[in-house]
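Report on the structure given below.
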Amino acid sequence: MTALQPIRGTHDLLPLEFRKHALVIDTARKVATSYGYREMATPIMEFKDVFKRTLGDVSDIVTKEMYEIADRGDEPIVLRPEGTAGVARAVMSNGLTQSLPLKYFYEGPMFRYERPQKGRLRQLHQIGIELFGVSDPVGDVEVLSIAYDILKKLGLIQYITLEINTLGDKESRQTYRDQLVAYLKDHHAHLSPDSQLRLERNPLRILDTKDEGDKKILKEAPPLTESLNQHSREMFEKVKNGLNVLQIPFKLNPHLVRGLDYYCHTAFEFTTTELGSQGTVLAGGRYDGLVETMGGPSIAGIGWAGGIDRLAMMLKDEDLSPLPPPLAIIPMDEAFDMHGLVLAKLLQDAGYIAEMTYGGGLGKRLKKANKINARYGFILGAEEVASHSVTLKDLESGEQTLLPQKQIVDVLKGKGVL
RNA sequence: GCGGGUGUAGCUCAGUUGGUUAGAGCGCCAGUUUGUGGCACUGGAGGCCGUGGGUUCAAUUCCCAUCACUCGCCCCA
């Protein structure tokens, strides 16, 4: 039986759920396109180095969450755990650093070897936006605006809060890191075990702790804002101003720290309380140093990734537009099935959704027509076939009329059916 | 990776203080209705009670392990 289960942390997307995914993707694609962002796709597999170099050697994603694939070559290959590094790699591979700015939208599966939970899968699906070559904060604002529009169009924005913070540039970040570490070292013994570990590996993440004891210690800690240099402060001011101008509400969260190494300056998260502990639904920030760490020129970058699975989970069945009712093709006997298929094709070519009913006589097939929610049925019996006609039945009123097959498209149009 | 909970029919869930053939509702199939559906009535199929092992005369029930889901932590979208 275990062989019949999907692999842990993966899911089948049956039509109902698939439509929610599709709605998220279609909405995002439409909005991104309206901002001039172009859709692209990178391979699902990459050399391990692409992520190792960029995400930071100590991040969980690199140290323990990547699916490594056995390959015949020597270079280790992995299933991509996130999208940005691959897109940055593609920019360099294709020599696109000469044609800035670059504006991209992408969508697809990512893979992380984690313990599955609600909203946390091993195969997860993301939409994402990347903007390369714009160091001005107007880029930050634009990218945030795209995210906001998408969430709004999905009807989810009322359940979602935008939190933002700045990490400052490299210099500010380093200064602050030193200060924070110095302070926390004095309190080392009182920190939670998790945070003690983070102090070595990624001290900034301690700011985001959920431990009450840690939180108390952090209250007295030097605030990040004081370590920001002039430039970093100005950047952040402009971002906040821009959001105000566009009337995008946000909450400052000085404890917001992105996990991935490549982030600097603006960091943001769209969060919800609807999904339990997996509250982040879309997140990102600025990553000016990313391309350079991969061995390319120094190019500014900013972007975000959104969790399709999480967003889709927030959608209700009613958020989906109802499927148009199909036309049911009803041969009265298997002998007329082929005639039915021919008739169906006629309707399909005219732009209608025509669904065949299979097996059984008239009564059984009418039942099947009801089940697929058809509004009209096209009955084909010996009489109809002999006279190249068809009986059109209104499945709501029961009213039916015999008409020549040639006329059916016109008749449907006359009834206003499309 | 760490800690807690759950696992009975396609779905939602009863139940068995360890003891013959494990139930309901919905859904599915068929019949009443062999050129007329929705409603109704009648009947039927479908479960190695997640999987493997142990204890016992006897296990779906108790114990252990395992798998999956789930809640929290870690991490992240």
Side-chain angles (χ1 to χ4, degrees), chain A residues 1-11 14 24 28 55 58-65 81-84 107-129 147 160 192-195 197-198 201-202 205-206 208-211 257-260 268-272 275-284 303-314 328 330-333 336 357 359-377 379-385 391 393-400 402:
Chain A
M1 260 312 183
T2 45
L4 290 183
Q5 289 175 335
I7 292 174
R8 172 127 116 133
T10 67
H11 280 303
L14 270 13
V24 171
L55 301 183
V58 294
S59 74
D60 276 20
I61 288 186
V62 167
T63 53
K64 53 187 190 204
E65 292 183 3
E82 60 104 40
T84 303
E107 156 273 315
M110 309 292 163
F111 303 85
R112 293 181 196 172
Y113 194 91
E114 295 187 277
R115 178 141 178 192
Q117 235 175 280
K118 184 178 177 184
R120 195 173 69 179
L121 305 166
R122 286 184 172 182
Q123 177 178 336
L124 55 132
H125 302 264
Q126 293 188 328
I127 47 174
I129 282 287
I160 293 173
S192 66
D194 278 331
S195 288
L197 214 96
R198 282 188 286 224
R201 300 189 141 195
N202 192 352
R205 282 214 57 87
I206 297 178
D208 210 14
T209 185
K210 280 170 196 166
D211 185 273
V257 181
R258 309 265 52 239
L260 277 16
F268 55 86
E269 275 182 18
F270 287 83
T271 60
T272 180
L275 256 32
S277 72
Q278 265 62 51
T280 304
V281 112
L282 186 152
W304 51 253
I308 298 173
D309 311 271
R310 291 183 184 178
L311 259 5
M313 248 191 294
M314 295 178 72
I330 308 176
M332 286 193 355
D333 185 279
F336 307 120
T357 57
L362 182 55
K364 197 144 307 161
R365 295 208 195 201
L366 279 168
K367 237 175 225 181
K368 287 171 183 170
N370 285 328
K371 203 154 297 166
I372 60 175
N373 207 20
R375 176 67 214 282
Y376 294 96
I379 301 171
L380 282 167
E383 228 174 276
E384 286 85 351
V385 168
T391 298
K393 185 178 179 81
D394 183 325
L395 292 170
E396 258 172 42
S397 65
E399 180 193 340
Q400 51 188 61
L402 183 72

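Throughout, a chain's letter reflects where its sequence line sits, starting with A, and its residues are numbered from 1.
- Across the strands present, B:rG7 finds its partner in B:rC67; the criterion is a Watson-Crick or G-U wobble pair with both atom distances under 3.5 angstrom.
- Between the side chain of A:R205 and the base of B:rC74, no donor-acceptor pair of N or O atoms lies under 3.5 Å.
- Between A:L121 atom CG and B:rU70 atom C1' there is a gap of 13 Å when expressed in whole angstrom units.
- Judged by closest nucleotide on RNA chain B, A:I379 is the one of A:I379 and A:E269 placed further toward the 5' end.
- Among the heavy atoms of the strands lying under 4.0 Å from A:L362 is at least one base atom, whether or not backbone atoms are also near.
- Looking only at side-chain heavy atoms (C-beta outward), A:R122 and A:I7 stay at 4.5 Å or farther from each other.
- Base pairing of B:rU60 is not made with any nucleotide, judged by Watson-Crick or G-U wobble geometry with both donor-acceptor distances under 3.5 Å.
- At B:rA30, one or more side-chain N or O atoms of A:K364 fall inside 4.0 Å of OP1 or OP2 (strictly under the cut-off).
- Atom name C1', nucleotides B:rC49 and B:rU16: the rounded distance is 10 Å, in whole Å.
- The CG atom of A:L14 sits 12 Å away from the C1' atom of B:rG10 (whole-angstrom rounding).
- A donor-acceptor contact under 3.5 angstrom links the side-chain atoms of A:N370 to the base of B:rG37.
- Taking the P atom of each, B:rG19 and B:rG50 are spaced 16 Å apart, rounded to whole Å.
- At least one side-chain heavy atom of A:M314 sits under 4.5 Å from a side-chain heavy atom of A:I160.
- Considering every non-hydrogen atom in both A:L395 and A:A374, the closest pair reads CD1-O, 3.5 Å.
- A:R310 places a side-chain N or O within donor-acceptor distance of the main-chain N or O of A:T280, the cut-off being under 3.5 Å.
- Every pair passing side-chain hydrogen bond (donor to acceptor under 3.5 Å, both in side chains) that includes a residue from residues 363-373 of chain A is listed here, sequence neighbours excluded: A:D337-A:R365.
- Heavy atoms of A:G377 sit nowhere under 4.0 angstrom from any nucleic acid atom.
- The side chain of A:R120 contributes no N or O atom lying less than 4.0 Å from OP1 or OP2 of B:rU70.
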I'd like a list of close polar pairs between nucleotides 3-8 of chain B and the protein, N/O only, cut-off under 3.5 Å.
unit_1	atom_1	unit_2	atom_2	d
B:rG3	O6	A:R115	NH2	3.3

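- Contact check, A:R310 against B:rA77: no side-chain N or O comes under 4.0 Å of OP1 or OP2.
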Just do the side-chain contact (heavy atoms from CB on, under 4.5 Å) check on A:K393 and A:L366 with the steps written out, would you? CA-CA 10 Å; A:K393 185 178 179 81; A:L366 279 168; 4.0 Å; yes
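- Regarding A:L124, its CG atom lies at a distance of 13 Å from the P atom of B:rC76, rounded to whole Å.
- Taking a pair to require two hydrogen-bonding distances under 3.5 Å in either a Watson-Crick or a G-U wobble arrangement, B:rC28 pairs with B:rG44.
- Counting only heavy atoms from C-beta outward, the side chains of A:H125 and A:E107 never approach each other to under 4.5 Å.
- What separates CD of A:Q123 from P of B:rA77 is a distance of 17 Å, to the nearest Å.
- Considering only side-chain N and O atoms, A:K393 lies nowhere under 4.0 angstrom from the phosphate OP1 or OP2 of B:rU36.
- When the P atom of B:rC39 is taken as reference, atom CG of A:L366 falls 13 Å away, rounded to whole Å.
- Of the possible donor and acceptor atoms, none in the side chain of A:R112 sits under 3.5 Å from a partner among the backbone N and O of A:E65.
- Checking B:rU36 for Watson-Crick or G-U wobble geometry (two distances, each under 3.5 Å) identifies no partner in any strand.
- Using a 4.0 Å heavy-atom distance criterion, A:G398 is classed as a base contact.
- Atom-to-atom, CZ of A:R365 to P of B:rU33 comes out at 21 Å; the value is rounded to the nearest Å.
- Of the side-chain N and O atoms in A:K371, one or more sit less than 4.0 angstrom from OP1 or OP2 of B:rC28.
- Among the atoms of the strands shown, only primed sugar atoms or phosphate atoms (P, OP1, OP2) are found under 4.0 Å from some heavy atom of A:G9.
- Counting only N and O atoms by type, the side chains of A:T10 and A:Q123 include no donor and acceptor under 3.5 Å apart.
- Across all strands shown, B:rG23 pairs with B:rC13; the Watson-Crick or G-U wobble distances both stay below 3.5 Å.
- Here A:A369 lies out of heavy-atom contact (under 4.0 Å) with every strand.
- Residues A:E384 and A:H11 each lie close to RNA chain B; by heavy-atom proximity, the contact nearer the 5' end of the strand is made by A:E384.
- Put simply, A:Q117 has a side-chain N or O that comes within less than 4.0 Å of OP1 or OP2 on B:rG72.
- Nucleotide B:rG72: paired with B:rC2 (Watson-Crick or G-U wobble, both distances less than 3.5 Å).
- We find that CD of A:E82 is positioned 11 Å from C1' of B:rA77, with the value rounded to whole Å.
- As a whole-Å value, the separation of A:F111 CZ from B:rC75 C1' is 19 Å.
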